[in-house]
Amino acid sequence: MTDIRSIEAGKYNAKLAEALKEIPEFQKTEWVDFVKTSPHKERPQQDADFWYKRAASILRQIYLQKTVGVERLRSKYGGRKNRGGKAAKFVKSGGKIIRTILQQAESAGLIEKSTSPAGRKMTKAGIELLESVAK
């Protein structure tokens with residue numbers, strides 16, 4: 001069996017995004033084409049499959065890190081904000097897209113809330129899905 005860590009992240013996320021398109025709970029929201037993913041971005045995302053790719057990336061992060069909260073994911077997807085004449089600084093990404101994807105994954109039964117430590121963790125069904133895509 002191939003381990004998820006041994007597969008290149010971009011290739012694995014593309015395969016997982018295709019698998020997530022077939023799950024009815026994962027639906028691209030109508031507002032996602034009009035919002036920026038983070039304050040450091042200048043324009044909204046133009047990729048038609050962005051929603052599924054970001055969902056695949058978030059699920060992979062939860063699998064690798066065991067328990068992940070929204071704030072840690074916001075830091076992961078943040079970046080350097082160009083502030084004109086001032087020095088650039090790091091800003092976290094927006095949380096709405098991340099929270100919505102986590103809620104969809106919970107309704108699909110792939111993740112569940114964890115109390116100690118706080119955050120979200122994978123369920124057995126979620127682990128099976130991610131490992132089946134890795135094969």
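Scope of the values below: all heavy atoms of this structure, side chains included, with no hydrogens, waters or symmetry mates. The model shown is predicted, which means the values in this text are computed figures rather than measured ones.
- For residues 77-86, no pair satisfies salt bridge (Lys or Arg N to Asp or Glu O under 4.0 Å), with sequence neighbours left out.
- For the side chain to side chain contact (heavy atoms under 4.5 Å, CB included) test, residues two or more places apart in sequence or in another chain that qualify with Lys11 are Glu8.
- Considering only residues two or more places apart in sequence or on other chains, Thr29 meets the side chain to side chain contact (heavy atoms under 4.5 Å, CB included) condition with Trp31, Val32, Trp51, Thr100, Gln104.
- Shown here are the salt bridge (Lys or Arg N to Asp or Glu O under 4.0 Å) partners of Lys28, two or more places apart in sequence or in another chain: Asp33.
- Here Ser57 pairs with Tyr77 under the side-chain hydrogen bond (donor to acceptor under 3.5 Å, both in side chains) rule; sequence neighbours left out.
- Between Glu18 and Lys21, at least one side-chain N (NZ, or NE/NH1/NH2) sits under 4.0 Å from a carboxylate O, which counts as a salt bridge.
- Residues meeting the side chain to side chain contact (heavy atoms under 4.5 Å, CB included) test with Ala56, sequence neighbours left out: Asn13, Leu16, Ala17, Leu20.
- Among residues at least two apart or in separate chains, side-chain hydrogen bond (donor to acceptor under 3.5 Å, both in side chains) pairs with a member in residues 108-123 are Glu106-Arg120.
- A distance-only check finds a donor-acceptor pair linking the side chain of Lys36 to the backbone of Lys41 [under 3.5 Å].
- Legend: residues meeting side-chain hydrogen bond (donor to acceptor under 3.5 Å, both in side chains) with Asn82, ordered by chain and number and at least two apart, are absent.
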Quiz: residues 64-72 side-chain donor-acceptor pairs under 3.5 angstrom, not counting sequence neighbours:
{"residue": "Gln65", "atom": "OE1", "partner": "Arg72", "partner atom": "NH1", "Å": "3.3"}
{"residue": "Gln65", "atom": "NE2", "partner": "Gln61", "partner atom": "OE1", "Å": "2.8"}
{"residue": "Glu71", "atom": "OE1", "partner": "Lys92", "partner atom": "NZ", "Å": "2.8"}
{"residue": "Glu71", "atom": "OE2", "partner": "Arg74", "partner atom": "NH1", "Å": "3.2"}

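- Atom CG in Leu129 sits 5.0 Å away from atom CD1 in Ile23 (nearest 0.5 Å).
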> Checking side chain to side chain contact (heavy atoms under 4.5 Å, CB included) for the pair Ile101/Arg54: CA distance, chi angles, key distance, verdict?
Replying inline: CA-CA 8 Å; Ile101 289 173; Arg54 178 59 59 96; 3.7 Å; yes
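- Under the rule for a side-chain hydrogen bond (donor to acceptor under 3.5 Å, both in side chains), Tyr12 has no partner lying at least two apart in sequence or in another chain.
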